[in-house]
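Keep in mind that the numbers below use all heavy atoms, side chains included, and drop hydrogens, waters and symmetry copies.
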Amino acid sequence: MMTTGGQIIDGKAHAATLRAGIAQQVIARMAAGARAPALAVVLVGDDPASQVYVRNKIGACEQAGITSIEHRHDTSLSQADLLALVARLNADPAVDGILVQLPLPAHIDTACVIAAIHPDKDVDGFHPVNAGRLATGLDGFVPCTPLGCLRLLESTLGDITGAEALVIGRSNIVGRPLASLLISASATVTVAHSRSRDLPDLTRRADIVIAAVGRAEMVRGHWLKPGATVIDVGINRVPRDSGVGTKLVGDVAFDEAAQVAAHITPVPGGVGPMTIACLLENTLKAASLAAAQDHSPQRPFPR
Ligand code: NAD
C-alpha cells in the first residue's frame, strides 16, 4: 500500500470499541438477572467464504458474551426442512436472533426463507417488514453492513446533513438500505447502479462515496472530488501482483483514491469488521425486545 494523502478510517478500531461496549451491556443485563442474548446461526452448504463469515460471527459472539447456536446442514437440505427449522427457531424463547447465512443453495428460494424469519428475530434486517420499517423511518432491524457504514461516516464526519452522498450499488443487502439510512441522516442521496450513465461524473460531485458493487478497484482516484470521504464495501479476491497467491481488494482503487480523498476505508480492515460488530448490536437489541415482549408465534406481525 502506498502512503496516503487522506486519513485511513480504521474499521477494526471502531468495531473493537463498539464490541467492547456491547460486551459491557451484556454483562450489565446478566447482572440484572437476564440470560445471555442468543443468536441462532444457520449455514447450509459448504461455500468457503460463508464458512469463514460464520466462523468469524460465532467467534465475535463468544467474545461479547452472546450465546451462538450453530445449525449446519448439507447443501442437500430441502427448502421445506429449512423452513421448518426457521419455524422452530421463531418459536423458541431461548433464541433471540436468527441469521441464515447467504447465499443459500440454488434449489432454495432465498426470499421465501427470509420472509419466514420472525421480523423481531431478524437480526440481518432483510425481512420485508424490517426493510419497510427502514424505508419509512420506523425503528426496526437495519442490515449490518449499511449500519456499519453509517457508523463509520458519523464517527468520521459527525453530522452529514446536506452532504452529497453517492451510493454505488442497489442491492437489498447494502445499496438500498444504505440509501434509506443516509436519507434519514439528512444527506442528499444519489444511488448509482449497473445501468447508470457516466459514473465518473456522478462520483465527482459527491462529498461521500460508498462503493458496493463487487468489481475490483472499479472506482478510480481521478473520479473523486478532492476531500471526499470514501467507504469501500467491496470484497474482491484478485491475484497478487507477484502472480503468487491472491489478495483481497475493494471496489475502489485504494492507492489512487487515498491521494485524493480526505478519509477512506481500507479493504480489509474497513467495513468488514463493522458488519460483525453491528450484528452483535442487533442481537443485543433482539434480546432486549424479547425480554420486553411476549414472543408467541401466534402474535400477528408487524406490531
Ligand atoms: P450485488 O451483486 O447484490 O449488487 C451489486 C450492485 O452493483 C448491483 O446493484 C448493481 O446494479 C451494481 N453494479 C454492478 N455493476 C456496476 C457498474 N459497472 N457500475 C455501477 N454499479 C454497478 O452485491 P452486494 O451484495 O451489494 O455486495 C457488493 C459488494 O460488497 C461485494 O463485493 C460484496 O462481497 C461486498 N460486501 C461486503 C460486505 C462487508 O461486510 N464488507 C457485506 C456485504 C457485501
Side-chain angles (χ1 to χ4, degrees), residues 35-58 60-61 66-135 138-147 171-174 176-177 275-276 278-303:
R35 63 161 170 72
L39 175 68
V41 180
V42 180
L43 177 60
V44 185
D46 50 12
D47 177 69
S50 292
Q51 308 260 357
V52 175
Y53 294 147
V54 162
R55 196 164 59 234
N56 291 344
K57 288 169 186 177
I58 287 172
C61 280
I66 293 173
T67 304
S68 59
I69 309 141
E70 211 179 332
H71 294 266
R72 279 180 183 262
H73 292 275
D74 290 345
T75 314
S76 61
L77 183 75
S78 71
Q79 177 163 321
D81 285 347
L82 179 54
L83 290 173
L85 170 61
V86 169
R88 281 200 303 280
L89 297 173
N90 280 341
D92 187 345
V95 171
D96 298 309
I98 303 169
L99 181 155
V100 178
Q101 182 66 43
L102 304 181
L104 289 168
H107 66 277
I108 294 178
D109 179 345
T110 301
C112 178
V113 173
I114 289 173
I117 297 170
H118 194 292
D120 291 350
K121 294 192 177 190
D122 171 38
V123 288
D124 260 338
F126 297 157
H127 191 287
V129 165
N130 282 314
R133 286 172 177 161
L134 178 60
L138 295 173
D139 187 29
F141 288 103
V142 175
C144 304
T145 300
L147 187 57
S171 72
N172 289 340
I173 291 175
V174 191
R176 280 172 203 258
T275 296
I276 292 189
C278 290
L279 171 66
L280 303 181
E281 187 182 322
N282 280 350
T283 304
L284 183 59
K285 179 173 172 161
S288 305
L289 200 60
Q293 292 161 358
D294 168 31
H295 255 303
S296 156
Q298 277 78 43
R299 181 166 53 74
F301 52 79
R303 277 195 304 267

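Closest non-hydrogen pair, Asn282 versus Val142, comes out as ND2-O, 3.0 Å. Listed here is the closest heavy atom pair of Asn130 and Phe141: OD1-N, 3.1 Å. Residue His71 comes nearest to Ala40 through the heavy atom pair CD2-CB, 4.4 Å, listed as atom of the first residue, atom of the second, then distance. Heavy atoms only, all atoms of each residue included: Ile98 and Val123 are closest at O-CG2, 3.6 Å. The minimum heavy-atom distance linking Val100 with Asp124 is given by the pair O-OD2, 4.2 Å. Between Lys121 and Val95, the shortest heavy-atom contact is NZ-O, 2.8 Å.
For Pro146, the side-chain contact (heavy atoms from CB on, under 4.5 Å) partners two or more places apart in sequence, or in a different chain, are Pro143, Pro177, Leu178, Leu181. Evaluation of the side-chain hydrogen bond (donor to acceptor under 3.5 Å, both in side chains) rule for Gln79 yields no partner, not counting sequence neighbours. Thr275 meets the side-chain hydrogen bond (donor to acceptor under 3.5 Å, both in side chains) test with Thr145; sequence neighbours excluded. For Leu138, the side-chain contact (heavy atoms from CB on, under 4.5 Å) criterion is met by Arg133, Thr136, not counting sequence neighbours. With sequence neighbours excluded, the residues that form a side-chain contact (heavy atoms from CB on, under 4.5 Å) with Ser288 are Arg29.
Note on residues 72-92: pairs passing salt bridge (Lys or Arg N to Asp or Glu O under 4.0 Å), not counting sequence neighbours, are Glu70-Arg72. Legend: salt bridge (Lys or Arg N to Asp or Glu O under 4.0 Å) pairs involving residues 35-49, not counting sequence neighbours, sorted by first then second residue: Arg35-Asp96.
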